[in-house]
Amino acid sequence: MDWGALQTILGGVNKHSTSIGKIWLTVLFIFRIMILVVAAETVWGDEQDDFVCNTLQPGCKNVCYDHFFPISHIRLWALQLIFVSTPALLVAMHVAYRRHEKKRQFRKGDQKCEFKDIEEIRRQRFRIEGALWWTYTSSIFCRLAFEAVFMYAFYFMYDGFRMPRLMKCDAWPCPNVVDCFVSRPTEKTVFTIFMIAVSSICILLNVAELCYLLTKFFLRRSKRAGNQKHHPNHENKEETKQNEMNELISDSCQNPVIGFTS
Amino acid sequence: MSWGFLRDLLSGVNKYSTGIGRIWVAVVFIFRLLVYVVAAENIWKYEHDEFECNIKQPGCENVCFDHFFPVSHIRLWALQLIMVSTPSLLVVFHVAYRENREKHHKRRLYRSPGDIDGGLLCTYLTSLILKTGLEIVFLVLFYKLYNGFKVPRVVKCDISPCPNTVDCFISKPTEKMIFLYFLVATSCLCIVLNLSELSYLVFKHSIKCYLKRYIKRCQ
């Protein structure tokens with residue numbers, strides 16, 4: 001269980017994304033997750049071992065490290081990536097729910113079902129409209145919110161995105177103001193700025209995708225309004241609901257044990 | 001043998017779960033298992049090496065560490081993940097038993113072996129109750145063992161062979177505390193999901209039974 005598992009889960013979402021969504025997923029996988037695993041984790045790997053304070057007082061180093069790094073950059077990034085990837089699962093769940101409904105219709109032998117077999121249902125790509133549009137748009141909003149929150153948390157916790165070489169610490173049990181030296185500060189600054197830049201690109205991609213979806217929605221709406229003027233087609237929603245209720249009652253009446261003589 | 005085994009297990013369980021059950025599996029995978037593997041494990045990796053006491057007396061550090069951390073947070077977390085995922089196996093076993101029975105009798109005995117009704121419903125409800133119970137047990141265990149979910153920076157230790165009361169410093173206490181709170185939050189979320197699923201199933205089947213009886217009475 002590791003980032004590969006998340007990649008497998010998200011890979012399935014790719015099929016039902018817009019083009020911008022697919023670019024976002026690629027950027028996420030290559031420029032964030034892969035960089036985190038292949039490079040960043042090694043840079044921060046020895047962070048506490050090589051954090052050195054100019055004192056022999058036992059405990060001073062631990063306390064100073066904890067004071068300056070309440071939560072390590074690498075863990076914050078890992079959490080950010082997990083939270084930012086999760087809204088895409090809402091879309092995956094919605095698609096799975098729709099597929100499940102279509103399979104149920106197919107098994108009942110519904111005439112309305114236009115698929116020839118279960119495999120076709122499994123392979124079908126759903127268009128982003130109706131309820132799926134709302135789920136997709138909400139997932140983009142959530143992603144944007146999480147990205148913004150984490151970037152702010154980063155900025156707030158570390159007073160900017162620069163990693164200083166030297167930190168002055170006077171937390172107990174340090175006997176006086178002690179100089180503490182961070183390991184690989186320049187490399188860490190470079191990677192921090194890189195990750196922030198890629199986060200910003202992802203935010204821009206999400207905003208672009210949101211604008212695209214909204215534009216598509218309004219265009220479709222105006223097209224439908226135009227069509228309805230020429231071809232009025234009234235759907236009796238009450239009748240559909242009553243039919244569903246009747247189906248539910250007839251389902252519950254059926255004997256669950258179906259046996260037939262050999 | 002690693003966490004991949006648990007992941008495959010839970011994927012198998014997913015097939016026979018309700019919608020809420022699938023959300024539970026997703027929460028366990030992503031917010032508990034994945035966070036454990038990619039983030040939490042590394043925080044506690046060198047906890048013993050980085051545990052430092054203000055004394056040169058040999059053995060004092062070891063004894064103090066053992067006194068304050070009888071079972072490390074990270075090991076308790078791993079145990080919790082395993083225990084909480086295991087009751088779902090009851091459902092998998094029951095479905096496999098049903099399928100075996102159909103094969104043995106060479107005829108269709110159930111509408112679908114994976115349908116949650118009859119005996120499988122009882123098994124499913126039992127697994128939900130067990131999962132919730134185990135979550136609560138582990139949360140209480142965490143609370144009792146470590147006097148809450150706080151991780152202090154300094155602990156005072158006076159166990160032999162430490163010659164007097166000695167200051168011992170825990171490494172990364174703030175980071176550990178943040179992740180412990182995360183663990184508690186996800187545990188509580190899973191408890192809420194389990195209880196919702198339990199209520200939903202009980203409610204759904206009560207309505208079904210009531211409707212069945214009502215229709216029989218009408219006939």
Side-chain angles (χ1 to χ4, degrees), chain A residues 1-6 8-9 33 36-37 41 44-49 57-63 65-72 74-79 81-83 85-86 89-90 92-93 96-97 100 107 171-173 248-262, chain B residues 2-7 19 22-23 26-27 29-31 33-40 42-43 46 49-56 105-112 115 117-118 153-154 166-179 182 207-212 214-216:
Chain A
M1 183 72 198
D2 56 5
W3 291 110
L6 188 72
T8 320
I9 296 170
I33 296 180
L36 184 83
V37 169
E41 265 178 8
W44 269 268
D46 53 9
E47 58 177 328
Q48 194 171 340
D49 289 339
Q57 171 64 44
C60 178
K61 179 176 121 161
N62 276 7
V63 159
Y65 181 85
D66 184 64
H67 175 76
F68 288 112
F69 301 108
I71 175 167
S72 169
I74 205 87
R75 249 80 63 183
L76 251 185
W77 280 328
L79 280 177
L81 285 173
I82 291 172
F83 275 92
S85 317
T86 315
L89 289 179
L90 289 173
M93 282 187 199
Y97 168 75
H100 176 76
R107 282 205 189 100
W172 182 85
L248 179 69
I249 294 172
S250 68
D251 264 350
S252 62
C253 280
Q254 266 179 29
N255 194 339
V257 177
I258 303 166
F260 40 85
T261 52
S262 53
Chain B
S2 69
W3 290 109
F5 179 73
L6 193 72
R7 180 195 61 194
R22 287 185 185 155
I23 298 175
V27 167
F29 265 174
I30 294 170
F31 292 106
L33 203 48
L34 187 62
V35 168
Y36 174 93
V37 171
V38 307
N42 293 327
I43 302 175
Y46 300 112
D49 291 336
E50 290 162 358
F51 182 77
E52 208 178 351
C53 289
N54 189 2
I55 187 106
K56 277 190 158 55
H105 290 269
K106 291 197 183 73
R107 65 187 182 125
R108 214 166 144 209
L109 295 167
Y110 307 100
R111 184 165 58 175
S112 160
D115 249 0
D117 55 12
R153 271 187 186 177
V154 189
V166 146
D167 293 327
C168 291
F169 301 90
I170 298 173
S171 74
K172 313 194 207 196
T174 311
E175 201 165 6
K176 286 177 181 170
M177 199 167 62
I178 291 173
F179 276 87
F182 190 81
I207 297 277
K208 237 185 186 176
C209 284
Y210 173 76
L211 278 171
K212 235 189 265 179
Y214 176 75
I215 287 161
K216 259 193 201 148

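Since this is a predicted model, take the numbers as computed values, not measurements. Chain letters run A, B, ... following the sequence lines, proteins first and then strands; every chain starts at 1.
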Below 4.5 Å from any heavy atom of chain A, which atoms of [X] appear? Answer side chain, backbone, both or neither.
{"X": "B:C168", "result": "neither"}
{"X": "B:F31", "result": "side chain"}
{"X": "B:I170", "result": "backbone"}

Quiz item: Can you say whether the rings of B:F182 and A:F83 are parallel (under 30°), tilted (30 to 60°) or perpendicular (over 60°)?
Solution: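 B:F182 vs A:F83 ring planes: perpendicular.
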In Å and rounded to the nearest 0.5 Å, what is the [atom1] to [atom2] distance from [X] to [Y]?
{"X": "B:K172", "Y": "A:Y65", "atom1": "NZ", "atom2": "OH", "result": "4.5 Å"}
{"X": "A:I82", "Y": "B:L34", "atom1": "CD1", "atom2": "CG", "result": "4.0 Å"}
{"X": "A:L6", "Y": "B:F29", "atom1": "CG", "atom2": "CZ", "result": "11.5 Å"}

Exercise. Check side-chain hydrogen bond (donor to acceptor under 3.5 Å, both in side chains) between A:S85 and all other residues, then give those that pass, not counting sequence neighbours.
Key: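 Testing A:S85 for side-chain hydrogen bond (donor to acceptor under 3.5 Å, both in side chains), a comparison that skips the adjacent residues, returns none.
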Quick check: closest heavy atoms across [X] and [Y], and the distance to 0.1 Å?
{"X": "A:N62", "Y": "B:F169", "result": "ND2-O, 3.2 Å"}
{"X": "B:E52", "Y": "A:G59", "result": "OE1-N, 3.4 Å"}
{"X": "A:P58", "Y": "B:N54", "result": "CG-OD1, 3.3 Å"}
{"X": "A:M93", "Y": "B:A26", "result": "CE-CB, 3.9 Å"}

Quiz prompt | Contacting moiety of A:L79, where chain B heavy atoms sit under 4.5 Å | solution =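 Contact with chain B: side chain only.
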Quiz item: Is the backbone of B:E50 close enough, under 3.5 Å, to the side chain of A:Q48 for a donor and an acceptor to pair up by distance?
Solution: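 No, because the side chain of A:Q48 does not come within donor-acceptor range (under 3.5 Å) of the backbone of B:E50.
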Self-check item: Backbone of B:T174 reached by a side-chain donor or acceptor of A:D66 within 3.5 Å
Solution: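 Flag set: sc A:D66 to bb B:T174 pair under 3.5 Å.
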Exercise. Would you mind reporting whether A:W77 and B:V38 have side-chain heavy atoms less than 4.5 Å apart?
Key: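 No, side chains not in contact.
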Quiz item: Do B:E175 and A:S72 come within less than 4.5 Å of each other through their side chains, counting heavy atoms only?
Solution: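 Yes; the side chains approach each other to less than 4.5 Å.
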Self-check item: Listed partners of B:N42 passing side-chain contact (heavy atoms from CB on, under 4.5 Å), at least two apart
Solution: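 Counting only residues at least two positions away or on another chain, B:N42 forms a side-chain contact (heavy atoms from CB on, under 4.5 Å) with A:R75, B:K45.
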Exercise. Check whether more than 12 heavy atoms from other residues, nucleotides or ligands sit under 6.0 Å from atom OH of A:Y97, and answer yes or no.
Key: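 No, OH of A:Y97 has 12 or fewer neighbouring heavy atoms, counting only those of other groups under 6.0 Å.
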Practice problem: Determine, step by step, whether B:I30 and A:L89 satisfy the side chain to side chain contact (heavy atoms under 4.5 Å, CB included) criterion, reporting the C-alpha distance in whole Å, the side-chain angles of both residues, the deciding distance to 0.1 Å, and the verdict. | Solution: CA-CA 10 Å; B:I30 294 170; A:L89 289 179; 2.8 Å; yes
